[in-house]
Amino acid sequence: MRDALLQDMVQIVEGRVGRAFVASVLVLEGQELQHAAAPGLPACYKEAVNGLLIGPHVGSCGTAAFRGHPIYVSDISTDPLWAPYSNIAKMALEAGLRACWSVPIMSGGKVLGTFGLYHREPRVPTVAERDLIAQAARPAALLFGRTSAVSASNSAEGIFRG
């Protein structure tokens, strides 16, 4: 049920920001990121990222999960955080994804996963886009925790439909 609600949340965000974006939620299991929701990402990309170990230079999401703070990569093709994963970067670029901005999903100071937005143009996020990504992480944290899934779903709808 959690993954279905995360899928709904991702689709709400994508609907709000338009076709220029693709959203993703990854769950941190131990030290590995696992896909929970990313309906707009190609299957081969999701498979390549699934199970990646987090670290200080592991693309946008792996680095955000490791460092515990947002990571905004403006150009996947040139950013050093993506350099060790050139095969995954190539898949992202072939899918038309040029920038990746990721925020850790946290609860009680612990990283539970990441919420990421991929953009089709190489650029930094606006202040409004940074706020949107941060807002998206809040209901995701509720879904990751043991709080009511209905409460998290209602929170997501209120934030993204308003």
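Numbers here simply count residues along the sequence, with the first being 1.
With rounding to the nearest 0.5 Å, the separation of OG in S86 from CE in M91 is 9.5 Å. The SG atom of C61 lies 10.0 Å from the CD1 atom of I71; values are rounded to the nearest 0.5 Å. If you take OG on S24 and NE2 on H35, they are separated by 4.5 Å, rounding to the nearest 0.5 Å. Within the model, atoms CG of D79 and OG of S74 stand 6.5 Å from one another, a figure rounded to the nearest 0.5 Å. Atom-to-atom distance recorded for I54:CD1 and E32:CD is 10.0 Å, nearest 0.5 angstrom. Distance check, rounded to the nearest 0.5 Å: CG of L28 to NZ of K110 gives 8.0 Å.
With contacts defined as side-chain heavy-atom distances shorter than 4.5 Å, the pair L41/V49 does not qualify. For the pair F21/R120, no side-chain contact is recorded, criterion being any heavy-atom separation below 4.5 Å from C-beta on. No side-chain heavy atom of L33 sits less than 4.5 Å from a side-chain heavy atom of V27.
Remark: side-chain polar atoms of T114 are not paired, donor with acceptor, to backbone N or O of A65 under 3.5 angstrom. Between the E129 side chain and the T126 main chain, a donor and an acceptor come within less than 3.5 Å of each other.
Annotation for A140 and I105: closest pair CB-CD1, 3.6 Å, computed over non-hydrogen atoms. Taking each heavy atom of L52 and I88 in turn, the nearest pair found is CD1-CD1, 3.9 Å. Closest approach of K46 and A38 over heavy atoms only: NZ-O, 3.2 Å. Closest non-hydrogen pair, P42 versus A95, comes out as CG-CB, 3.6 Å. When all heavy atoms of I76 and A89 are compared, the pair lying nearest together is CG2-CB, 3.7 Å. Closest heavy-atom contact between F66 and P56: CD2-N, 3.5 Å.
For R98 and Y118, the positive end is not near the middle of the six-membered ring at less than 6.0 Å and at most 45° from its axis.
Under the 6.0 Å cut-off for aromatic ring centres, F115 and W101 do not qualify, their centroids lying 6.0 Å or more apart.
Relative ring orientation between W82 and Y45 is described as parallel, the plane-to-plane angle staying below 30° on a 0-90° scale split at 30° and 60°.
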